[in-house]
Amino acid sequence: MTHLIRGARIEGGEAADILVRDGKIVEVGPGLDAAGAEVVDAAGLVALPGLVDLHTHLREPGREDAETVESGTKAAAMGGYTAVHAMANTDPVADTAGVVEQVWRLGREAGYCDVQPVGAVTRGIAGEQLAELGAMADSAAGVRVFSDDGHCVADAVIMRRALEYVKAFDGVVAQHAQEPRLTEGAQMNEGEMSAALGLRGWPAVAEEAVIARDVLLAQHVGSRLHVCHVSTAGSVEIIRWAKSKGCPVTAEVTPHHLLLNDGLAESYDPIFKVNPPLRTADDVTALRHALADGTIDCVATDHAPHPVEAKETEWAVAAMGMIGLETALPVVQEAMIETGLLDWAGVADRMSRRPARIGRLSGQGRPLEAGSPANITLYDPSPRRAVDPSAMTSKSRNTPFAGLELPGRVVATFLRGVPTVLEGKLQ
């Protein structure tokens, strides 16, 4: 299969043609030609390395009413993703070689993007005993990222043991930083808005205290720590300090934490209920600048689908979480490109290269040059349109951006030279 992509602006730079054959990029430059190639007109489009998400909830096995591996990877392809890391809080939990291999095989069968399972740190994500980390690492899925996401590994001894264990196979522990005792019954960010609304507050220090502990543990052990969904300015400063001391820590921020703030809870609409909660406008500003200067390494969606009944209920009992795969790139354009904080090369770095490197995906996040796997996203940054949940590919509709006008759209996604999306339509 041969495709000739004509006139794309590679990472927002000068226009060039990209010749793709047998799953690889074979040539990049102006005025290319190839007999029999299928031509893709990319004039005015930005070409990015296929996006990589370090934090996706695909819900299968166990909650196929909310999402499946197939539906979730279709949504990922529509969002420009060629690889996603599937989080472990499924039912059963992905804490054994058998479960992670099941998820991995479902991804291969679906074929819309690479699915790299994330293994649980502890059995049943209960925080009490280490899961089968070595067996998952040695499985066909080749797990390298481990997380109890949805729950914090709150026990310092368990966290230290996990960090020590994964060193043997160059793994990383991805921490959901939430001190459980400080967040019992918490409903939203603790501050003026929570007091005004009468909702129990979720203090920033509950996140920051765990990050502070864990960067010190990672430095002591000499092991890799990744901080999930950073949400506060204080967390940014701790991570910045840790990096200045040479601590092997990386961090992610979600699109919704880059654009939305806790004022939206005033509507009492549970669509805005998420873990960690939406924070203040000052926190949003700090997160944007931290992503721009590299303190925060990457954008990860924390795509968290829920069925309608889990969200269309009163705030106190509603599920936490938002979908994000199909809106991530437009949100990042709005928050980072339109504000001048990043250019398209920076977006390629934060949404493809760095997450691929953190997740140890050698075939993803590669530059768009001859010899690289043809994982390519073609994106039109010019249109603006309102987000329509009914038009989304995910099985769930719990997007906080419904009705919000955002820029840009994914025109095409190529996974190793095979188009999964063309002309904005799933193939």
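All values below were derived from every heavy atom in this structure, side-chain atoms included, with hydrogens, water molecules and symmetry-related copies excluded. Numbering starts at 1 and runs along the sequence shown.
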For the pair Asp148 and Arg123, find out whether any cationic side-chain nitrogen is under 4.0 Å from an anionic carboxylate oxygen.
no

Do the rings of His55 and His229 sit parallel, tilted or perpendicular, given the 30° and 60° boundaries?
tilted

Check this for me, if you would: do Asp262 and Arg279 make a salt bridge, where the nitrogen-to-carboxylate-oxygen distance has to be below 4.0 angstrom?
no

If I take atom NE2 from residue His3 and atom CZ from residue Arg21, how far apart are they, to the nearest 0.5 angstrom?
12.5 Å

Charged N to carboxylate O under 4.0 angstrom, Glu334 versus Arg384?
yes

More than 12 heavy atoms of other residues, nucleotides or ligands under 6.0 Å from CD of Glu192: yes or no?
no

Would you say the side-chain atoms of Gln187 pair up with the backbone N or O of Gly201, donor to acceptor, closer than 3.5 Å?
no

Is Asp170 paired with Arg360 through a side-chain N to carboxylate O contact shorter than 4.0 Å?
yes

Supply the atom-to-atom distance Leu182 CG to Trp202 CH2, rounded to the nearest 0.5 angstrom.
11.5 Å

Met136 and Ala131: which non-hydrogen atoms are nearest, and at how many Å?
CE-CB, 4.0 Å

Spatial distance of atom CG (Asn189) from atom OG1 (Thr232) [nearest 0.5 Å]:
9.0 Å

I need the Lys24 NZ to Ser372 OG distance, nearest 0.5 Å.
7.5 Å

Tell me if a side-chain donor or acceptor on Glu326 pairs with a main-chain N or O of Ser394 at a distance below 3.5 Å.
yes

Salt bridge flag under 4.0 Å for residues Glu109 and Arg105:
no

Going by an N to O cut-off under 4.0 Å, is there a salt bridge joining Glu67 and Arg63?
no

Distance-minimising heavy-atom pair for Leu225 and Ala218
CB-CB, 3.8 Å

Look only at the side chain of Thr377 and the backbone of Gly80, and say whether a donor-acceptor pair between them is shorter than 3.5 Å.
yes

Residues, nucleotides or ligands: over 12 heavy atoms within 6.0 Å of Glu312 CD:
no

From Arg350 atom CZ to Asp297 atom CG, the distance as rounded to the nearest 0.5 Å
8.5 Å

Does Glu11 come within less than 4.0 Å of Arg353, counting only side-chain N to carboxylate O?
yes

So, for Ala328 and Met351, which heavy atoms are closest and what is the spacing to 0.1 Å?
CB-CE, 4.1 Å

How far apart are the closest heavy atoms of Cys152 and Ala177, and which atoms are they?
SG-CA, 4.5 Å

Return the OG1 to OH distance between Thr73 and Tyr112, rounded to the nearest 0.5 Å.
7.5 Å

Could you go step by step and tell me if Asp293 and Arg240 meet the salt bridge (Lys or Arg N to Asp or Glu O under 4.0 Å) rule?
CA-CA 10 Å; Asp293 68 24; Arg240 183 174 284 125; 2.8 Å; yes

May I ask you to decide if Gly150's main-chain N or O and His176's side chain share a donor-acceptor pair within less than 3.5 Å?
yes

Which pair of non-hydrogen atoms, one from Asn398 and one from Lys311, has the smallest distance, and what is that distance?
CB-CG, 3.9 Å

Can you tell whether the side chains of Arg161 and Glu164 come within less than 4.0 Å, N to carboxylate O?
no

Determine all donor-acceptor pairs shorter than 3.5 Å in which one atom belongs to a side chain in residues 416-427; sequence neighbours excluded.
residue, atom, partner, partner atom, Å
Arg416, NH1, Asp114, OD1, 3.3
Arg416, NH1, Asp114, OD2, 2.9
Arg416, NH2, Asp114, OD1, 2.8
Thr420, OG1, Thr413, O, 3.2
Gln427, NE2, Lys425, O, 3.0

Do you know which two heavy atoms are closest between Leu415 and Cys113, and how far apart they sit?
CD2-CA, 3.7 Å

Does the His57 side chain pair with the main chain of Thr90, one donor and one acceptor, at a distance under 3.5 Å?
no

